[in-house]
Structures are given as C-alpha cells and as structure tokens.
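So the structure is just underneath, and the comments pick up after that.
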Amino acid sequence: MTSVVNLYAKCGMVGDAYKMFDRMPEKDLVCWNTVISGYAQNGMSKRALELVLRMQEEGCNRPDSVTVVSMLPACAAIGSLQMGKSIHGYVFRNGFESLVNVSTALVDMYAKCGSVGTARLIFDKMDSMTVVSLNAMIDGYARNGYYDEALVIFQRMLDEGFKPTNVTIMSTLHACAESRNIELGQYVHKLVNQLGLGSNVAVVNSLISMYCKCQRVDIAAELFENLKERTLVSWNAMILGYAQNGCVMDALTNFCKMHLQNIKPDSFTMVSVVTALAELSVLRQAKWIHGFSVRTCLNRNVFVATALVDMYAKCGAVHTARKLFDMMDDRHVTTWNAMIDGYGTHGYGKEAVELFEEMRKGHVEPNDITFLCVISACSHSGFVEKGQNYFMIMREVYSLEPSMDHYGAMVDLIGRAGRLSEAWKFINNMPIKPGLNVYGAMLGACKIHKNIDLGEKAADKLFELDPNDGGYHVLLANMYATASMWHKVAKVRTMMERKGIQKTPGCSLVDLRNEVHTFYSGSTSHPQSEKIYAYLEKLFDRIKAAGYIPDTDSIHDVEDDVQEQLLKSHSEKLAIAFGLLNTSAGTTIHIRKNLRVCGDCHSATKYISLVMKREIIVRDMHRFHHFKDGSCSCGDYCPIGTFRGIELRNIICSDCQHLQPTWKN
DNA sequence: GTAGGGTTAG
C-alpha cells in the first residue's frame with residue numbers, strides 16, 4: 001500500500017496519493033512520512049507541515065529523522081524561520097544533528113530563510129559531508145548575495161576532490177553571473193563539457209544566463225541556437241538576456257518565435273518582454289503588452305505587475321503607472337522603488353517623497369535602492385535638506401550602509417543646488433575612496449554653476465580613475481565652454497582626439513503607428529526628410545515670433561546662419577517635427593533620446609508646446625521632460641535655462657558637435 | 001518502504 005502511495009506522490013498526483021493513504025486502516029510512520037514528503041515535494045509545504053501535526057494527534061507517531069528531512073524543505077519554501085528554529089530544537093533534542101542529511105537540510109533551511117550565518121555555523125560543525133551539503137552551502141551563499149563566499153566553497157569542493165554535480169554548476173554559475181565574473185564562468189563552462197553536462201538543459205540555461213549577465217549575449221545566443229531541447233526556461237533566459245543588453249528587437253523577435261512554436265509564456269517571460277519594452281519606451285507597445293498580460297492573467301503576478309509599473313513610468317505615463325500601483329494588493333519593495341523612481345525621474349519630487357513616507361508607515365521595509373531613488377528624486381527637485389535627512393536616516397534608522405551610488409547621488413543633490421564647496425567637503429569626508437560617479441556628479445555641478453576651479457579638481461580625479469571616459473571629457477569641455485574658455489575647450493578636444501575617444505552621436509526615437517522612427521542629428525536619410533526640414537523652417541518662424549531666441553552661442557567657430565542650421569538639425573527637433581507632421585492636433589508626442597536634451601532644444605521645445613498646443617514628453621538618458629503650455633516639468637532645475645537668477649546655457653551643443661554632458665547618477 | 005541540494009524575474 002505504502003509503495004503505491006509513494007508511486008502516486010512521485011508522479012505528482014498527491015491528491016490520489018492522499019486518497020489511498022486515507023483509506024489505509026493502519027497508518028505507520030513510514031506511511032505518514034511518504035505522504036508528508038509527497039506534499040512537501042509537490043510545493044504544498046503548508047499542507048505537509050499540517051499533516052505532521054495531525055500525525056502526532058491521531059497516530060501517536062513521533063516525527064523521526066526522515067520526517068524532519070521532509071519538514072525542513074517545507075519550512076524553507078514558506079520562509080518560516082521561526083518554525084525552522086523549533087524543528088532545529090527538536091533535531092538537537094533527539095540527536096539527529098549527527099545525521100548528514102538532517103544537517104544538510106538545516107543548512108539549506110537557514111540559508112533560504114535568510115540566516116546564512118547560522119547555516120555556515122552548522123555547515124562548519126558537520127564532521128562528514130556530501131556533495132549535497134556543499135551544494136546547499138554554495139546555493140545558500142549565492143542566493144543571499146555572498147557571491148565570493150559561494151565561489152570559495154566551490155573552490156574548496158574541487159580541492160577536496162568532490163565531483164561537482166549539475167546542481168553545483170547551476171549555483172556556481174549563478175554566483176559568477178551576479179558577480180560578473182566571466183573568467184570563472186568560462187572555466188565552469190569548460191568543466192561542464194568535461195563532466196559531460198553539456199547536454200543538460202538546466203545547466204545550459206544557467207550558462208546562457210551567466211553569459212548574458214556578463215554582457216556576452218553573443219555567446220549566450222550561440223548556446224541557445226545549438227540547444228536541441230529548449231524549455232520555457234531557455235526561452236525566458238534568452239529573452240531576458242536580450243532585454244538586459246539593450247537588444248530590444250531580438251527580445252521581441254524571440255517572443256514571437258516562441259509564440260509561433262506554441263510555447264505558452266509564463267510570468268518570467270512577461271517580465272522579460274516588459275523589461276524590453278520599458279527600454280524601448282514606446283507607449284503603444286507598452287499598452288499592447290499590458291493588454292496581453294491582462295488577457296493571460298499574468299498581470300496578477302507581483303513581478304509582472306512591478307515590471308508594468310516600471311515600464312509605464314519609463315514610457316512617460318507616470319499617472320498610469322500610479323494607477324496600476326494603486327490597484328495591486330501585493331507590493332514588494334521593488335514595486336515601491338519603481339514607483340518612487342518613476343516620480344523622481346519625472347521631476348515629481350513631492351510625490352516621490354510622499355510615497356516614500358507612506359511606505360515607511362507600512363510593513364514593507366525600504367532597502368538601499370529605495371534610498372537611492374528617493375535621494376535622487378530630491379536631487380531632481382532641489383529638496384536638499386530632505387535628501388540629506390534621508391541619507392542620515394538610511395544608516396541611523398534602517399542600518400543600511402550607503403554604497404558608492406548613494407554618495408554620488410548626494411554629491412549631485414548638494415552640488416546641483418550650487419553648494420559646491422559643501423559638496424567638495426562631502427567628498428573629502430567620505431569613508432570610502434570616491435568613485436567615478438562621485439567626481440562625475442561634482443564636475444556636472446561645477447559645470448552648471450561655472451566653478452572652474454573645483455571642476456578642474458574633479459576632472460583631475462576622474463581622469464586619474466579612468467583616463468578614457470568620453471562622457472566626462474565632454475562634460476569638462478562643456479564646463480569650459482560655459483565660461484567661454486575656448487582655448488581650454490580646444491585642448492580637451494585635442495586630448496580626446498589623441499586618445500581616440502569617440503563621441504556618441506545624438507539620436508532620437510519617435511513611434512508612429514506601430515513603427516519606430518529613428519533620427520540622427522543632421523541626418524537626411526528619413527523618407528520624409530525634405531518635408532521635415534521645410535516644416536522646421538516655418539516652425540522656427542512661429543516660435544521666434546513667440547519669443548524664442550536660438551542659442552547660437554553654443555557653437556562659437558562658425559557663422560551665425562550656419563549655427564542656426566546646425567541647431568535646427570538636432571535629432572530631437574527632427575523627431576518632434578516628424579511627430580507634428582504625422583499626428584493629429586492635440587496628440588501627445590513621445591520622444592526618446594540617447595543623450596541629454598541640450599539647452600537650445602529644451603528652450604525650443606517649450607515654445608513648440610506653446611504655439612502648437614501640444615504636450616511633448618522627452619525621455620533623455622537621465623530623466624523625463626514634460627513640455628506643456630510653454631514650460632517644462634523639470635522646472636529648468638537642470639543645467640539649462642535660468643536658475644536662481646543665473647542664466648545657464650549648454651554652450652557646446654549636444655547634437656551638432658556631439659559634445660554632450662553624459663554624467664550618470 | 002519513506003528522506004537532504006535544483007535552471008529564468010521586478
């Protein structure tokens with residue numbers, strides 16, 4: 001009888017197994033254990049644990065080591081550290097700790113419940129261990145973010161002569177992927193072939209994922225193409241890999257291919273595709289995938305819903321993002337982060353701060369990313385004291401150690417507000433060695449506020465850290481240009497040429513009826529090119545009449561009329577003209593730009609929104625600009641326009657000369 | 001007889 005129960009359970013038919021078990025007149029411990037493990041192994045953890053209680057009440061059976069070995073994974077699955085600890089107590093009282101499978105299950109349970117330190121203590125006390133124990137420890141470290149420790153255990157395993165299994169390989173590759181350690185990843189890849197695991201789909205899926213995380217999507221694609229028996233996981237890993245490496249079209253193509261092969265997407269697939277569309281930032285496609293996820297009910301999954309919130313925010317539809325956010329019953333910390341960040345990048349500092357305060361009142365704890373989002377939201381809106389306060393409570397109330405990104409955001413916050421010596425002092429008092437982003441934020445602030453002295457100091461440090469970063473060279477040149485120090489501008493340019501640093505060409509995207517149109521600055525390759533340039537002539541006359549003055553100071557070494565021509569051919573002006581020409585009155589135009597919006601485009605777009613009565617939303621590399629009725633949502637709180645009575649100009653322009661500030665937060 | 005580790009996410 002018991003073996004039949006076991007057979008049903010092993011085939012995933014737990015219901016039938018239970019029916020059989022229920023009919024048995026005499027239930028011994030083995031029989032109970034069989035059905036308990038059946039529930040535990042089929043993902044019904046709570047049911048398994050309930051049965052243990054029933055067994056004690058009904059059958060006068062006490063759990064033995066076999067029962068415990070089924071109970072611990074069930075605890076791990078529901079993440080109940082409390083119950084896990086009480087089982088540990090039972091194990092101790094009964095002397096089960098010396099059994100290698102019990103200890104292994106304890107290591108696994110503690111690690112899965114987040115207590116990786118306790119897991120290690122038990123691991124270290126084991127006098128004998130198997131490959132399974134080592135696997136549990138490697139996975140435990142990897143899933144808690146201790147990638148180096150995971151790799152140390154892996155090395156120890158090889159040194160002690162254990163033969164790695166498929167599970168070892170998968171956990172190790174996970175650690176390699178997350179720590180971006182492609183060298184070790186490639187070593188493991190060789191090992192996979194030596195061990196004859198090259199045809200194991202799960203192992204190959206992990207390899208695909210590792211290569212994608214290490215930005216070798218090409219190697220991943222080759223593995224994927226050669227994979228004979230692809231599973232849903234293979235497709236998901238590949239699509240996500242494409243999405244995370246900016247290969248949006250490849251991600252979407254594979255999603256379609258999958259559909260043609262009648263493979264049903266799951267929540268993982270949806271997250272990958274939504275991530276790709278967030279990157280594409282086209283509202284029409286965003287709505288389509290949203291509709292698709294509603295029809296398949298996958299929008300109820302918290303991961304998918306969070307990705308949708310993030311996607312809408314990145315498509316400029318921050319209010320839609322908020323509606324989805326409000327409709328969710330279950331929100332993870334990342335859900336809050338996506339929404340707070342969405343508000344921040346759209347310049348809704350007040351809303352970001354309010355949402356953060358609401359979060360603090362609830363049961364979801366903010367994490368380090370939350371603080372990064374809220375501090376940078378404060379920075380975008382000029383809430384210096386608020387941001388400083390959050391930076392303080394992050395450590396003092398939430399015991400979170402600030403990372404380099406937090407320090408960078410703080411320098412941006414203080415510096416952008418013009419408090420440059422305070423920002424410089426902040427950098428010099430940092431407990432860790434300041435990174436590129438920190439000095440980059442400083443240089444950016446110095447450019448805005450024309451502080452050549454501190455700007456040069458920041459630039460020296462930047463080039464010490466990375467002599468070949470194009471973005472920071474451009475930023476430095478821009479700073480000199482702002483101060484009309486043309487001699488120094490030329491020096492930076494020569495330096496860039498000598499080092500062979502490439503400038504990124506300005507490029508804007510706009511979507512029209514299911515097609516994405518790309519415009520490079522000054523290009524004439526678009527079929528409507530002639531019409532667009534002619535239209536721009538007329539449009540310039542209209543905005544000039546409304547008060548727009550072309551920012552021709554931006555290019556100092558050419559004639560006036562040529563300057564104006566260069567300004568007119570900026571990629572976003574071409575994209576806006578194309579949008580106006582091809583959509584009906586009142587339609588909002590969405591533009592996606594690869595660099596930052598330059599001062600002249602910013603000013604021109606404000607006037608265009610006024611005279612054409614159009615809302616124009618521009619997503620640049622750094623934030624969003626909502627242009628409406630002649631003003632912008634950024635409130636000119638950026639290196640453009642007027643700030644506290646000081647006129648700020650982006651003197652060397654982005655598109656025509658491709659000299660463009662590209663600092664990151 | 002029943003038992004430990006397991007591929008892809010926001």
Side-chain angles (χ1 to χ4, degrees), chain A residues 1-7 9-10 17 21 28-38 40-41 63-73 76 96 99-109 111-112 126 129-140 142-143 164-171 173-174 177 197 200-210 212-213 220 231-241 243-244 265-275 278 298 301-311 328 331-339 341 369:
Chain A
M1 280 289 258
T2 303
S3 46
V4 183
V5 173
N6 190 36
L7 182 69
K10 289 283 173 304
F21 164 82
D28 64 358
L29 183 59
V30 174
C31 183
W32 277 99
N33 282 346
T34 306
V35 78
I36 290 166
S37 79
Q41 287 171 0
D64 66 353
S65 70
V66 178
T67 325
V68 162
V69 164
S70 288
M71 289 169 79
L72 287 168
F96 295 155
L99 298 167
V100 65
N101 54 352
V102 174
S103 294
T104 302
L106 278 171
V107 167
D108 182 59
M109 179 279 296
K112 288 211 176 93
M126 293 172 73
M129 58 174 68
T130 65
V131 66
V132 181
S133 328
L134 287 150
N135 287 348
M137 200 62 241
I138 295 172
D139 178 71
R143 74 171 56 227
T165 67
N166 56 336
V167 181
T168 321
I169 299 296
M170 290 187 285
S171 301
L173 284 173
H174 176 208
L197 290 167
N200 182 313
V201 196
V203 167
V204 179
N205 292 344
S206 292
L207 279 170
I208 290 174
S209 189
M210 182 275 295
C212 289
K213 286 266 159 59
T231 59
L232 179 57
V233 177
S234 322
W235 286 94
N236 290 348
M238 198 62 238
I239 294 174
L240 183 72
Q244 289 177 334
D266 65 357
S267 63
F268 284 82
T269 325
M270 209 43 64
V271 167
S272 310
V273 181
V274 171
T275 306
L298 291 167
N301 174 289
V302 61
F303 285 87
V304 176
T306 303
L308 286 169
V309 167
D310 183 59
M311 175 190 70
M328 292 170 69
R331 301 185 193 107
H332 289 180
V333 57
T334 37
T335 319
W336 290 88
N337 293 351
M339 196 62 239
D341 194 51
I369 308 290

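Naming convention: chains lettered A, B, ... in sequence-line order (proteins, then strands); numbering from 1 in each chain.
In this structure, Leu72(A) atom CG and dT2(B) atom C1' are separated by 16 Å, rounded to whole Å. Whole-Å rounding puts the Leu173(A) CG to dG6(B) C1' distance at 13 Å. Look at CD1 on Ile208(A): it is 16 Å from C1' on dA9(B), rounded to the nearest Å. Regarding Asn337(A), its CG atom lies at a distance of 18 Å from the P atom of dA9(B), rounded to whole Å. What separates CG of Asp310(A) from C1' of dA9(B) is a distance of 12 Å, to the nearest Å. Atom CG of Asn205(A) is separated from atom P of dT7(B) by 10 Å (rounded to the nearest Å). Per the geometry, CG belonging to Leu232(A) stands 13 Å off P belonging to dA9(B), to the nearest Å. The CG-P distance, from Asp139(A) to dG4(B), rounds to 15 Å in whole Å.
When all heavy atoms are compared, the tightest approach of Pro73(A) to Val68(A) is CD-O, 4.5 Å. Pairing each heavy atom of Cys212(A) with each of Ala220(A), the nearest pair is SG-CB, 3.5 Å.
With its ring centre under 5.5 Å from that of the base six-membered ring and a plane angle below 30°, Phe303(A) counts as stacked on dA9(B).
The CE atom of Met170(A) lies 8.5 Å from the OG1 atom of Thr168(A); values are rounded to the nearest 0.5 Å.
A donor N or O paired with an acceptor N or O is not found under 3.5 Å between the base of dA3(B) and the side-chain atoms of Asn33(A). At a cut-off of 3.5 angstrom, the base of dG4(B) holds at least one donor-acceptor pair with the side chain of Thr130(A). With hydrogens and angles left out, the side chain of Asn101(A) and the base of dG4(B) share no donor-acceptor pair within 3.5 Å. Below the 3.5 angstrom threshold, one finds no donor paired with an acceptor across the side chain of Ser103(A) and the base of dG4(B). Remark: the Ser37(A) side chain and the dA3(B) base include no donor-acceptor N/O pair separated by less than 3.5 Å.
Contacts of Val203(A) with the nucleic acid, taken as non-hydrogen atoms under 4.0 Å apart, are absent. Within the nucleic acid shown, Thr269(A) has no heavy atom closer than 4.0 Å to any nucleic acid atom. Within 4.0 Å of Ser171(A), counting heavy atoms only, lies no atom of the nucleic acid at all. Among the protein residues, Val100(A) comes within range of the nucleic acid bases, having at least one heavy atom under 4.0 Å from a base atom. Using a 4.0 Å heavy-atom criterion, one finds that Asp64(A) contacts no nucleic acid atom at all. Within the nucleic acid shown, Asp28(A) comes within 4.0 Å of at least one base atom, counting heavy atoms only. Residue Thr165(A) is in base contact, counting any heavy-atom pair closer than 4.0 Å across all strands shown. Residue-level contact check: Thr231(A) touches neither bases nor backbone, having no heavy atom under 4.0 Å from any strand. Residue Thr34(A) is in sugar-phosphate contact alone, with no base atom involved, counting any heavy-atom pair closer than 4.0 Å across all strands shown. Residue Asn166(A) is classed as a base contact, given a heavy-atom separation below 4.0 Å to a base.
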Kindly determine whether Met129(A) and Thr104(A) satisfy side chain to side chain contact (heavy atoms under 4.5 Å, CB included), including the steps that lead there. CA-CA 8 Å; Met129(A) 58 174 68; Thr104(A) 302; over 6 Å; no

Taking it one step at a time, do Val271(A) and Thr275(A) satisfy side chain to side chain contact (heavy atoms under 4.5 Å, CB included)? CA-CA 6 Å; Val271(A) 167; Thr275(A) 306; 4.0 Å; yes

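The side chain of Lys213(A) contributes an N or O atom lying less than 4.0 Å from OP1 or OP2 of dA9(B). Side-chain nitrogen and oxygen atoms of Gln244(A) include none within less than 4.0 Å of the OP1 or OP2 phosphate oxygen of dA9(B). The shortest distance between the side-chain N/O atoms of Arg143(A) and the OP1/OP2 oxygens of dG6(B) is below 4.0 Å. Between Lys112(A) and dG6(B) there is a side-chain N or O to OP1 or OP2 distance below 4.0 Å.
For Leu240(A), the listed nucleotide lying nearest its side chain is dG10(B); candidates were dG4(B), dA3(B), dG10(B). Of the candidates dG5(B), dA9(B), dG4(B), the closest approach to any side-chain atom of Asn301(A) belongs to dA9(B). Of the candidates dG10(B), dG4(B), dT8(B), the closest approach to any side-chain atom of Val271(A) belongs to dG10(B). With distances taken from any side-chain atom of His174(A) to the nucleotides dT8(B), dG6(B), dA3(B), the minimum falls on dT8(B).
A donor and an acceptor atom, one from each side chain of Asn33(A) and Thr67(A), are located under 3.5 Å apart.
For the side chain to side chain donor-acceptor pair (under 3.5 Å) with Asn236(A), the qualifying choice from Asn205(A), Thr269(A), Thr231(A) is Thr269(A), the only one to do so.
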